[in-house]
Each structure stands twice: as C-alpha cells, then as structure tokens.
Peer 1: 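Below is one structure. I have some questions about it.
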Amino acid sequence: MAGASTSGAPPKRLSTAAQFFEDEDQTGDAEEVTKKSTNEKVVDLLNQASLLPNDTDKVCNLKQVQELIIYKDPELLDNFLDEVIAFQNDRSVDVKKCIIGFMEEACKKDQACLIRVMPCIMHLLQDENVNVQKKIILTFSGLYRCTLQWVSKAKTVTPEMNALWEQVNTAKSGLVQLIDSDNDGVRTHVVKLLEGLTLTLSKKTPESDIPKKQVSDFCLDDVTDSNRLVRVKKLEAEGQNLFLSLVQFQGSPHISSINLMTVMGALTNVAKQRPTFFDQVVQSFEALHVNLPPTLAKSQVSSVRKNLKMQMLALLRHKSSVDFVPQISTLLTDLGASQSEINKATPKDDSRKRKLEEPGTSSKKAKTEPIPEAEADDYDDIGMTPWTDRSALKKQPTATQRQTAIDITAEDLLPKLSVQHVADLVLLSMVMLPDSMPAQFQATYTPIAAAGTDAQIKHISRLLATQLTMAGQGKGIGELKLQAMKKIEPTDPSATPAYDDGGTSPKQLIQTVVGMTTEDPFEQARKMAGFMAPSAPVPRKGGLRQFKLETVTKPLKPDTLDVLTTSIFDRILESDRMAAANHIQDSRTKILASLTSQFGGRMRDMLEEHIFSDIRSRCDLAFSWLYQEYANCQGFNTNNAPGMPVDMASYDECLTRLLKTISEMPDQKDGLFHRLILQAPVITENAMQMIRRYCFIPDRTESGMKTLRDLIMMRPKNRLDFLDLMLTFTSSDRPDIRNPAIETAQRLYENDQLRPNIEVS
Amino acid sequence: MPDELKIAIVCSSNQNRSMEAHSFLGKKGFRVQSFGTGNQVKLPGPSPDKPNVYDFSVTYDEMYKDLWRKDPDLYTQNGILHMLDRNRRIKPKPERFQASKEKFDIVITCEERVYDQVIEDIENREKDLDHVMHLINIDIQDNHEEATIGAFMICEMVTMLYSSDDLDNEVDEILQDFEHKVNRTILHTALFY
C-alpha cells in the first residue's frame, strides 16, 4: 500500500493495487482542490464586491456567490453567511434586494440560517427606501414558511427557536397591518403576502389545483401538534382570519384599481389552491360586481371588469366550480362573456351538461330540483358521504347544493318582489340618485333585455341578496350566525369543525330547517334601498387613496360666506307664499327665527325689513323671533354652552327694534304695540323707555296707557316699575298724558293690592 | 426609480406598432425591447385575404428579400419594405413575448387583444412571484400614421412614468393624467411573476 505522492512528484512505476489506491487518493485530492477553489472563488468574489463601485457588478458577484454557496457547495453556506449578510449595509437598493433574495434562498436550503437572518430582515424592514421594504414583504412569505417548517419539525424547542418564532410572528403582525399603508405599492405587496400566508396556514384538499413550483411548499398539512410552540387549530384560525382580511380589503369602498386587481387575483389563487374557500371567494366576487368602488375612473372600471372576467373564468375551470356554475355563468354573462367561452371553461360533467343547455339564469330553477344521480357522481371522490345524511334533513332535497348566505337571502326575497314593492324601492332610491349618470355606472350598464320575466326577477333578488349579505343583513347571514353558534357549543369530538379539516370539505353555510327570527329582510331592503343607487363620483384627487374630506374641501372666504348666507336668507324670506301653499309656515317661521337669533347681524335687518313690509300677516314671525331671542338668552338653545350667564342684550335689541319700528309706523289699527308688549317674555329697561316714549306720542297716549295698565295688572314682577312709570305720567306737564294717567291711577287705586304702593309714591 | 425601468412594447407581429415605438424610444435613450404575441408574423399581401405569413424565427432581412422578390413596386408603395428596412436595423428578427424569459417593469400593448394575450401568457407561466410588472394597453390602429402617433404617445407616457420616484404608488395618477391628455382609454393592471 504505497501511498502515492501528491501531484508534482514524477510518475512512478507502481503495482496495479498501488495504482488503484493512487487513483483514489488523487480523486480525494481533486475534490479537495475543487473545494478549495470554490472557497477561494467565493472569497475573491466577496472581496471584489465590497470594492466595486458599480452596483450591477456587485449584484452580479453576489449572485454568483449565492449560486456557489447555496447550490453548488452548501457546506460553505455556514462559513460565508455572515459575510454576505453584511452587504445589507450597502447603500445600493439593488444590492440590498439581492441580499434579501439570498437570505430567502439560504433559509430554504438550511433553516438554521433563520436565526442569523431574521435580525437582518428586521433591520431592512426599517429601511427608508420603499423598494427594499416591498422586497422584504414579498420575501417574508417564504421566510415564514421556512420558520414554520423548522419549528414544527423540531423535536425539542430551544430558547433560540422560541425567540425566533416570536420574532417572526411579531414581524408578521406588523407587516400584515401595512395593508393600511398610505403607499399603494406597499399595499399591493402586502396583499401578496396575505395570499402566501393564507396558503401556508391552511390545508390542501384533493381538489386543490396547485402550480408546479408551489407543490412542495410547506403548509399546515405537514404540521402536527408535536411541540408546544405550534398549534394546528390556532394556526388554521389565523389563516382564516388572514383570508377574511383579504375579502374585507376587496370590499373596501376606496380601494385603488391596482390593489383591487391584485386582491382579486390573490383570492382566485387561494380559491384554486384551497377549495374550502371557494364559496366565499365566489360570493365576494358577486358582491364586488354589483358594488364596484365609486372612486374608479371609467377606464379603471374597464380594467377591473376585464380582470374580474378573467378570474371568474379561471374559477369556472376549477373542479370545485360545479356547485357555482349558475352564479359564475350569470356573472360572466353580465361581464360580457359569450356562451361559448363559458361552456369552454365549465368543467365537463355529465350531470351538469343538462343544465348547461339552458341559459344561465333559468339553470337556477334546475338547481332547486332534486338531482339524485349527481350525488354519486360528484361526491364519491371527495368523501362527502357524511353529508348525504344531513341532506335528508333539508327541506329541499339538494344534497349537492351548498347554499351560501346569498342563496338563502335571495330565495327569501324572491316572493317579496311584487310590483308594488319594487315600485316603492325604485321611488325610494330615486331620491338618492345623482343628477347625472356617473362614469362607472355608464361603463357597466347594460340595458335589461328581459325585464319582468321570472329569470330577471330571480336575478334581481340575487343582486339584492348580495347587497344585503355584504352589509351583514338578511336571512342568510342570520342562518350563518345560528350555525356558527351551534358549532361553538360543545359537540362530540368526531364532529367536523366549522371550517375544513383534512379534506372532508364541509361547507358551514348549508341551509338548515331551523328558521331564524331575524328582522324582516325586506324592511332592511327598504333601508338598504339607498345602497343600490350608485353614489356620485367623488373628486379624483382624493379618490385614489383613502378618502379624506379635508383634502378636497377648503374653508370659504369670508366674503363668499357672507354673500352665500344673505342669499340663502333671502330665499327663505321670499318663500313665504310657497310655504303657505305647502303648509310649512311653522317650519319656515322657526327656521327664520332661529337663524336670525343665532347669527344676528345682517339677518336682523333683513328680517325686520321683511316683517314690516307686511306687518299684518307677518306679525307672528316677529313674535317667533322675539321668543327665540329670549330662548337663546336664557340658554334654552343647545348651541349655547350651558352655564353661560344670561345675557339679554340681543333680546333687548330685538325687542327695542321691533317696538321702535312699530311706534314709528303711521297707523296702529291692530294694536300691535300693545300685543307685542304684552306677549314679550321680559320687559327690559329699554323697552320701558320705549313704552314711555310711546305714551308721549299724542295719538298713542291712550293705547299706551292701556298697555301700561295691563302690564301693571299682569306682570307682578315688574309691577312697581310700571306703577312708577304711570305715576310719573300723573305729574307730567302735558295734560293729555296727565289726565289719562290720573284716571288710570284712580282705577288702580281701587285695587287693594296696589293701593299701598300708590300711596307711597 | 433609482435604476432604469425595463420596458417592453408588444403588438401582434412585432413589425409596425411595436417597432415604431421601439425605434422612437430607443433613440430617446430608454431601455426598451419589443415583441409580438401572435402565433405567426403577418404582413399585408396583394389582397386582404392573402397575407404574407412567416414564422417568428424568420429574420427581417429574409422577409425583406422575400417581398422584394415577389413584388417590389407594391411593397415599396405600401411602405412595407421601408418598414422592414427600419426593423432590420434595430434587431435581426421579430421576438415572441411568450418565448421571452426576461422580466420587465412596464409592458405596453397596442391592442386589447394583445393585452389579453399577455395576461394569459403570464398567468400560465411558472411564476417566481418576486417581481411586479405594470401592463398598460393603449389602442393603436395598425397603419403607419397611427403607429407614428402611437409611438409619440407611448414615449410621452414612458417619460411621465420615468419621472416618478415611486412608480407603484404613483402609476395610477400618472395614467389618469395621461389618459386625460391624449383622450384615449387606457387599460392597466399589475401582474406578479
């Protein structure tokens, strides 16, 4: 066993055996040499990369390094991981993105890398460049999968693993919340992340249609409750929540067109790979179709509808679409798909061919008829046999039909759509229509071909049911809640949970016999009438992001404000005849009085002018105004802060003005002054002065005295003041005042109550 | 964008509309490529029902020579030879989008049918899901005049997109402005692949 010398020694003559061993050694050496050279190569590349000024070259080097240490020679990965990760501090965005990609690949290869990689990921997440953030979001899906795989497969949980799991979950929560980010691109990427996480945290079924590259992706199918960190049920629930957040996001009223199309694609993908979500996805698309966000421009609406059509066709092609063919085909027809397109995409199924011959809507009728042979066809392979028992309990023997909430509500509404009710609905909603047809409605509107036919009525009831379900109302939702409640009750362990568990694919929305005493959905439909009317398109500026009213409005200039206020007031003033005709004078009076007393200023003049232009018919307006002023001053008005001191100034002013103008008026047949004084809640100082002045006017003295006398009798509070005034008159130097005053005083004297007071003065 | 956006212009035969835009944008310094989505390359023939059909592997030069052989006057008069001459100066032969492995940031299609074909192709590909591409359609009729006008519009749109710091966030608004300016309907979607 002569050991051959290493390369460099002259060739020796050796025996065959020796030669044999010589070769072996040399091969071993060759391997070592290759390894050494890979090592050197990597070192070389890394050194160069750190010195190169050009980003593209750096990235090129790093990609080569990635190729070498992950794929070619994975043993080197451990050695060089830290060096490569160090490049995260490079200024170039491309380099950072490259490193992120590298980290993902490294973790896929060797999950132990996760511990060293995660801090780097957390650091890069805070990077100011949004492209780096987006790359992280996109990569996180894969990293989470690796983490889950590693943790769930571990026999014992190390503290590091624990810390990693917590770290990853914290990061996940943080990233998921970025769905509300201001940045449209970030939101788009978060949607993809949610899609990836939903797929990871759910289980496949035999009907799952998974793209080749993702077939080996880790998911809950491979997870068991083997260690304390990972709980399958909890993760599954989390997956469902993430899915629901996707559905909710799709339904947001101000979603941008790109976000919308991305989430539609994500939902379709989830439905195809996890058919347990299929029905919810179909429902959500139905809801979307009738309720596109009003903020979309016309061309965006076209793009979205095109996308929706594509997604629906993709769903139709999937094996699980068999139960939803009617809904999906109706939707596709609405979106402009031809019957041949629909037929091409529909899964081939003998029992269904009969339905396909009929047009889309009437196939709904076929749906409700019993189809016993379909049971055997469709559900043997899925192992649906447990459910055929339950089907016996159903009113309608439709074991194959998985009725969604929308179906239940639609069926409930159908008999209620009589001509009268529909006419009422139309009238109610017409009030809420905008003046001109909005762009998005115009783009989606197709004239109704067969109005009034049974098929069309069914279609309408379905549309209405979709709207109701979206708003969380309707019988279907009630049924769901009831069933969810039932499921929460402790049942025997073998009962299948509300959501899918390992391929038996029960649908929790199957109609039961038990009726639910929900609010009459038709009443709700009345309330929802406004829902159907398309709302006017909001200004484009605010519409593409979260709509904030502040961004599209700005305060009016004071001049504009004044002009507008006066013109409004004028209009109301001029509308008295119309108000009389429509029997709303009281409201008008109240409005005018409130406005004037609240805002004063110019309005007072206007109102006064108005009143006195036709005092006889408008005196009630004057009184209302006065009372309103009083109420304001006394704090009866909720606009004033409670506890404010009583400030009679404006009341005083109002009263004085009215009195002044009345007293200056030429004729006084109606005794307005008298009436006003007597009806005024409080007589102020100034008012007293006015009375006094009034009495001095020759023609008015008598009525003035009468007024005063009445005041004395009827206003105990201020009696003394009035009495004083009266007695002052008695000593007036004008006989025409003095005499009536004395007469009055004499009369009053007869009154026992007043006698002492008169005697005193 | 810190680095240059990779742009692709796509029509059906990669002859007229996409090449006109390719030529124009190339001269302006953009990083642009062009493609066709059809199964074959179709050029007008002596009558509408007799087009000249080639495979995508045939070079522009070969097409030029072929048409020159057939009827030089006709094809000079209708501008086809001129077009092929321009094309062969830009690249050797037409490229099919479906065959391309490259990932672009912006893909612009010249016809709704082509838009649909691009989407279909992307959907059917094996996706890495690490790249987002904006697909934009602007309808351009397949004749020389319209192709020139279309090239101008595409250039304008690309310039607007280039000037954005955060394309994903601003693309919606930019396209709305552009649509308003040129008064044509734009279709737009984002695809991950």
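Bear in mind that the values here come from a model prediction, so they are computed numbers and not experimental data. FYI, side chains are in, hydrogens and waters are out, and symmetry mates aren't considered; it's all heavy atoms of this structure. Chain naming here is simple, since letters A, B, ... match the order of the sequence lines and numbering starts at 1 in each.
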Peer 1: Has B:Lys28 got more than 12 heavy atoms of other residues, nucleotides or ligands less than 6.0 Å from its NZ?
Peer 2: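 For B:Lys28, atom NZ is not crowded (no more than 12 foreign heavy atoms under 6.0 Å).
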
Peer 1: How many angstroms lie between atom CE of A:Met261 and atom CG of B:Leu135, to the nearest 0.5 angstrom?
Peer 2: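 A:Met261 CE to B:Leu135 CG: 9.5 Å, rounded to 0.5 Å.
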
Peer 1: Calculate, to the nearest 0.5 Å, the distance between atoms CD and CG belonging to A:Glu195 and B:Leu129 respectively.
Peer 2: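 So the gap between those two atoms works out to 7.0 Å.
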
Peer 1: Which heavy atom of B:Thr185 sits nearest to which heavy atom of A:Ser299, and what is that distance?
Peer 2: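 Taking B:Thr185 first and A:Ser299 second, the nearest heavy atoms are CG2-CB, 3.7 Å.
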
Peer 1: Roughly how far, to the nearest 0.5 Å, is the CD atom of B:Glu179 from the NZ atom of A:Lys298?
Peer 2: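 So the NZ of A:Lys298 and the CD of B:Glu179 are separated by 10.0 Å.
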
Peer 1: Under 4.5 Å, counting heavy-atom pairs only, tell me which of A:Lys135, A:Gln214, A:His189 racks up the most with chain B.
Peer 2: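 When all of A:Lys135, A:Gln214, A:His189 are compared, A:His189 has the most.
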
Peer 1: Are more than 12 heavy atoms from other residues, nucleotides or ligands located less than 6.0 Å from atom NZ of B:Lys42?
Peer 2: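 No, not enclosed.
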
Peer 1: About how many Å separate NZ of B:Lys127 and CG of A:Asn269, when rounded to the nearest 0.5 Å?
Peer 2: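 Those atoms lie 6.5 Å apart.
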
Peer 1: Can you establish whether the number of heavy atoms outside B:Lys70 located under 6.0 Å from its atom NZ is more than 12?
Peer 2: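 Counting other residues, nucleotides and ligands, NZ of B:Lys70 exceeds 12 neighbours.
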
Peer 1: Considering residues, nucleotides and ligands other than B:Glu120, do more than 12 of their heavy atoms fall under 6.0 Å from its CD?
Peer 2: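 Open: at most 12 neighbouring heavy atoms sit under 6.0 Å from CD of B:Glu120.
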
Peer 1: Who wins among A:Gly265, A:Ser92, A:Gly185 for the most heavy-atom pairs under 4.5 Å with chain B?
Peer 2: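 Highest number of heavy-atom pairs under 4.5 Å: A:Gly185.
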
Peer 1: Which pair of heavy atoms, one from A:Ile258 and one from B:Asp172, lies closest together, and at what distance?
Peer 2: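 Taking A:Ile258 first and B:Asp172 second, the nearest heavy atoms are CG1-OD1, 4.1 Å.
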
Peer 1: Non-hydrogen atoms of chain B under 4.5 Å away: do they reach the side chain of A:Asn307, the backbone, both or neither?
Peer 2: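 The side chain, not the backbone.
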
Peer 1: Which distance, rounded to the nearest 0.5 Å, do you find between the CE of A:Met310 and the OG1 of B:Thr189?
Peer 2: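 Reported to 0.5 Å precision, the distance equals 7.0 Å.
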
Peer 1: Can you tell whether the side chains of A:Lys309 and B:Asp116 come within less than 4.0 Å, N to carboxylate O?
Peer 2: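 Not counted as a salt bridge, because no side-chain N and carboxylate O are separated by less than 4.0 Å.
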
Peer 1: Which heavy atom of A:Val130 sits nearest a heavy atom of B:Asp166, and at what distance?
Peer 2: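 Closest approach of A:Val130 to B:Asp166, heavy atoms only: CG1-OD2, 3.6 Å.
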
Peer 1: Looking at CD1 of B:Ile136 and OG of A:Ser303, how far apart are the two atoms once the value is rounded to the nearest 0.5 Å?
Peer 2: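 Between B:Ile136 CD1 and A:Ser303 OG, I get 10.0 Å after rounding to 0.5 Å.
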
Peer 1: Can you see which heavy atom on A:Lys213 is nearest to which on B:Glu126, and at what distance?
Peer 2: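 That would be N-OE1, 3.1 Å.
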
Peer 1: In terms of heavy-atom contacts, does NE2 of B:His82 have more than 12 from other residues, nucleotides or ligands at under 6.0 Å?
Peer 2: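 For B:His82, atom NE2 is not crowded (no more than 12 foreign heavy atoms under 6.0 Å).
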
Peer 1: For A:Lys134 versus B:Asp168, what's the shortest heavy-atom pair and its separation?
Peer 2: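 So the two residues come closest at NZ-OD2, 2.6 Å.
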
